[in-house]
Amino acid sequence: MCRRVWRIGLLLACMMGPTSLPAAEADLNAPLEVVDLSDQDTLRGIVERYLGDPDLWPTVLKINDIASPADLVPGIQLRLPVRQVKAADEALKASLLAIQRATAEGARIFAPVQIGDAIRNRETAVSSRELGLWREAVDFSAIATGFANEALDISIRQRDRSAEAIVSDVQGRVEGRAPAEPSWSDRQLDDILVEFERLRTLSASTTQVTFRDLSRLRLNPNSNATIQRMRSDPLTGGEVTKVSLVEGDFYALLNQLSDKSQFEIDVPGVETTTNSADFWIKNDRTGARFVNYDTPELEIRQGGDRITVGEGEGVVLTGQGAERTRVLTAPRLVYPAPGETIYTRSVTLTWDVFEGAQAYWLEVARDAGFNQMQTSEWGLRETGFEGALPPGRYHWRVAALDALGLPGEWSTAQDFAMRVDTTPPFLTLLAPGPGVISDEASVEVLGASEPDAQITLNGIAVTPGRDGAFIATLPLAPGPNTISVTAVDPAGNSSARSLDVVYRLAVAVDIALSPDIPRLGDALATKAEELSVLGTTNAQPGAPVVVRDPASGTPVLRAEVGPAGEIGFTVPVDEAARAFTIEILSPAGATEGSTRFQAVQDRTPPDVVLDLPPPRATGDPDVTLAGSAGDAVWLELNGAPVPLEAGRFEVTVPLERGQNPFELLASDAVGNVIASKLQTLYDIDPPEVTSVELGRPSGPDGPIELIVMARDASGLVQAAPFLIAIGGAEREGFLRCDSETGTCRASLPAEPGALELIEVVIEDYAGNAAFE
């Protein structure tokens, strides 16, 4: 038979062959399943959904190389051992069923070594699963199953042997003395007890004896009993067991599956037989005490007296006789609550004060059947007990002791767990984001932690939802605000997260567009296809600037305020004026200031109109030019600026003798230019008369002609007056002058008489006249 050595290599050799089934091997070698963590998920929730056990979340963090739950953010991918956990859980389930089958066949009596090895290996498998060692969990479960199957085979083969009992629980120091032993020796877990073997417990010690039919006796501290008889009748299949209680007390839970079984208890001077399966007996110097908790009666015979003890009854036998009473009912357990997990090194168990109770009996076991006792305290005066317990799950119950020292009914057992947890709880802040600037006096804080964690937000408790998510509204003070969130799990481990939010009070922002931007009426203008807009504001540097189409509200462009409060951007323009709105936003997006402007493309030069054109020629020493300049912003005459007032101008220009050219340039605000070229002749000299002819070129009887030849720079006036005498009679008229030929001519009808030129005046356009 293999020795009980739990190193994997030796155990595998003991069990012969592979421990992992092909299906389990395939699951163990399967790739990890990848799952996206959404903003609605919590770590414990997603682990419970995919792995069926939320307490495996530390293992998931380790697999994904994540140091703390606080490092989780929505969108992260988690690798989960879905098939590996399935393989481990199925192997654990199979080992548990094998152990239960072997135990039902009496393995604790007939194969205590093998069933003990099976249980211990399964416990190792459970621990391996909690650590995320899936292959070890499967292997140790397979080893446990092998040991359990071996125990089952041994138990079945040994069913026809003489009855024996086993020490199924030991707490403290327990001693035994077999018939062949000369003195007392220690009894350990799974030791076999034989007929006439004596068993005793010392102070603060308890032990449990389990018989082949699974009947159990628990000896409480300072008790002494002898197993007088353990017989099996192969013909009838009946079991006969007799135990003698020398001193102390024990609690009995008998297996009543067969009416062929018989159990007797012998107290000095008292014989007891029972059909009850649940009773308590005590014997000391003051007498014998009996309590029956079962419906069948407990029968007591002392001398010639026969006493039956019914359900819920107790009897005290002393030298003065028998005293019968109803035992107390069950007290109510207070703390810890059922299923609660305790994270401290010790636990204080409390229960309600029970009326009539003189003391209390407390039992704490590692199993629901109270077969593996951890603590048994008799005679507690207070309604509470504090004790240190190693990590694990426990079950506890309390019975009230009456004035006769009889224990009443057990309370309903409740379970709790002791756990060592040093892992900080998962904690994440989803909103607001870091560095948020708000223009509202409060902010919503959204986050998630473990469902059983205590959440505080800036020192104020916040209640999370069932999934660990929490939301709270936090008031803000003007300026920087620190948001601090702390999560403390039931073990006292804490995680903290903090971020800063700036509360910026709403301000009135002014916007001024540069006066240097060209304008056409009320619109900003340019002759290009895009207009550069410049301005200033009292908004904070870096504040967002949005330029919108006011009709649709659609953003056209975005910019930001410069370091000195300047703003600048470029917008498209066309020949039709287009409206725009400038908005300066707060960091939170609210509009703190706005202004509207129009922009237009202008390619038309200014319209310069003279009131009167300058004279072609003049004899005046200067000339005055006046008129309107349209939308011109500057005007030049021969390179010299001409003042503009309300779009009009007037300038007097001195003249020099001869031709005086004028160049008039006008420009509008966007740079469109128009040029006008003019000239004026400054002439102060009279025309030069080169010849005068008065006669009758067609003969003495022909018409009279006067021809004057003259020249002048400014040209001859078309009409030149003259005065002549014909035969002593004066005649006057006008010559017709042609400036191009310099000829002035007049024709008179034929008239006899001598011709005499009295006067002719030739005048130029400058007003100068020559007299002949």
Side-chain angles (χ1 to χ4, degrees), residues 431-444 476 478 501-607 629-634 646-647 666-674:
V436 166
I437 300 177
S438 174
D439 56 6
E440 297 185 2
S442 63
V443 65
E444 275 197 345
L476 299 175
V501 173
V502 176
Y503 173 32
R504 183 174 177 274
L505 295 172
V507 296
V509 170
D510 296 327
I511 304 172
L513 297 181
S514 172
D516 297 332
I517 302 175
R519 285 165 170 78
L520 181 60
D522 293 334
L524 307 182
T526 181
K527 64 179 181 179
E529 294 181 351
E530 292 183 335
L531 171 68
S532 294
V533 181
L534 301 175
T536 57
T537 177
N538 59 347
Q540 292 293 322
V545 178
V546 178
V547 179
R548 301 183 187 275
D549 181 338
S552 64
T554 304
V556 176
L557 59 91
R558 298 179 184 272
E560 64 179 38
V561 178
E566 69 274 14
I567 57 175
F569 52 85
T570 301
V571 295
V573 293
D574 51 40
E575 294 180 357
R578 182 179 175 184
F580 297 92
T581 298
I582 304 174
E583 295 179 356
I584 296 183
L585 308 180
S586 71
T591 301
E592 293 186 332
S594 66
T595 189
R596 186 168 176 172
F597 70 92
Q598 288 186 319
V600 67
Q601 184 183 40
D602 179 13
R603 293 184 176 178
T604 303
D607 184 17
D631 60 352
V633 295
W634 63 264
S667 174
D668 60 17
V670 299
N672 296 306
V673 177
I674 188 171

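Just so you know, these numbers use all the heavy atoms, side chains as well, and skip hydrogens, waters and symmetry mates.
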Tell me which donor-acceptor pairs under 3.5 Å the side chains of residues 565-574 have, and how far apart each pair is, sequence neighbours excluded?
residue	atom	partner	partner atom	Å
Glu566	OE1	Ala564	N	2.9
Asp574	OD1	Ala576	N	3.2

message = Is there a side-chain contact (heavy atoms from CB on, under 4.5 Å) between Val547 and Thr581? Walk through the geometry before answering.
response = CA-CA 6 Å; Val547 179; Thr581 298; over 6 Å; no
query = Do you know the tightest heavy-atom contact between Leu531 and Ala525?
reply = CD1-O, 3.7 Å
key: Separation between CG of Leu520 and OG1 of Thr526, rounded to the nearest 0.5 Å   = 11.5 Å
key: Val673 side chain reached by Ser667 side chain, heavy atoms, under 4.5 Å   = yes
task = Take Leu513 and Ile582 through the side-chain contact (heavy atoms from CB on, under 4.5 Å) test and state the conclusion after the steps.
result = CA-CA 10 Å; Leu513 297 181; Ile582 304 174; 3.7 Å; yes
task = Please list, chain by chain and in numerical order, all residues satisfying ring-ring contact (aromatic ring centres under 6.0 Å, His included) with Phe580, sequence neighbours excluded.
result = Phe597
request  = Mind checking salt bridge (Lys or Arg N to Asp or Glu O under 4.0 Å) for Arg548 and listing every partner two or more places apart, or none if nothing turns up?
outcome  = Glu583
request  = Mind checking side-chain contact (heavy atoms from CB on, under 4.5 Å) for Thr604 and listing every partner two or more places apart, or none if nothing turns up?
outcome  = Asp602
Nearest heavy atoms of Thr591 and Leu585, plus distance in Å = OG1-CD2, 3.6 Å
note = Pro563 and Pro541 have their tightest heavy-atom pair at O-CG, 3.5 Å
query = Which heavy atom in Ala629 sits nearest to a heavy atom in Pro606, and how many Å separate them?
reply = O-CB, 3.6 Å
task = Among residues two or more places apart or on two chains, list those pairs meeting salt bridge (Lys or Arg N to Asp or Glu O under 4.0 Å) that have a residue in residues 515-536.
result = none
query = From Glu440 CD over to Ser586 OG, what is the distance, rounded to the nearest 0.5 angstrom?
reply = 9.5 Å
task = Taking all non-hydrogen atoms of both residues into account, name the closest pair between Ala539 and Ile584 and its distance.
result = CB-CG2, 3.7 Å
inquiry  = Can you tell me how far apart CD1 (Ile674) and CG (Asp668) are? Round to the nearest 0.5 Å.
reply    = 10.5 Å
task = Identify, with sequence neighbours excluded, every residue that meets side-chain contact (heavy atoms from CB on, under 4.5 Å) alongside Ala579.
result = Pro550, Arg596, Gln598
note = Here the pair of heavy atoms bringing Val436 nearest to Pro432 is CG2-CB, 4.0 Å
remark   = Distance col, row Glu592:CD vs Asp510:CG, nearest 0.5 angstrom, shows 11.5 Å
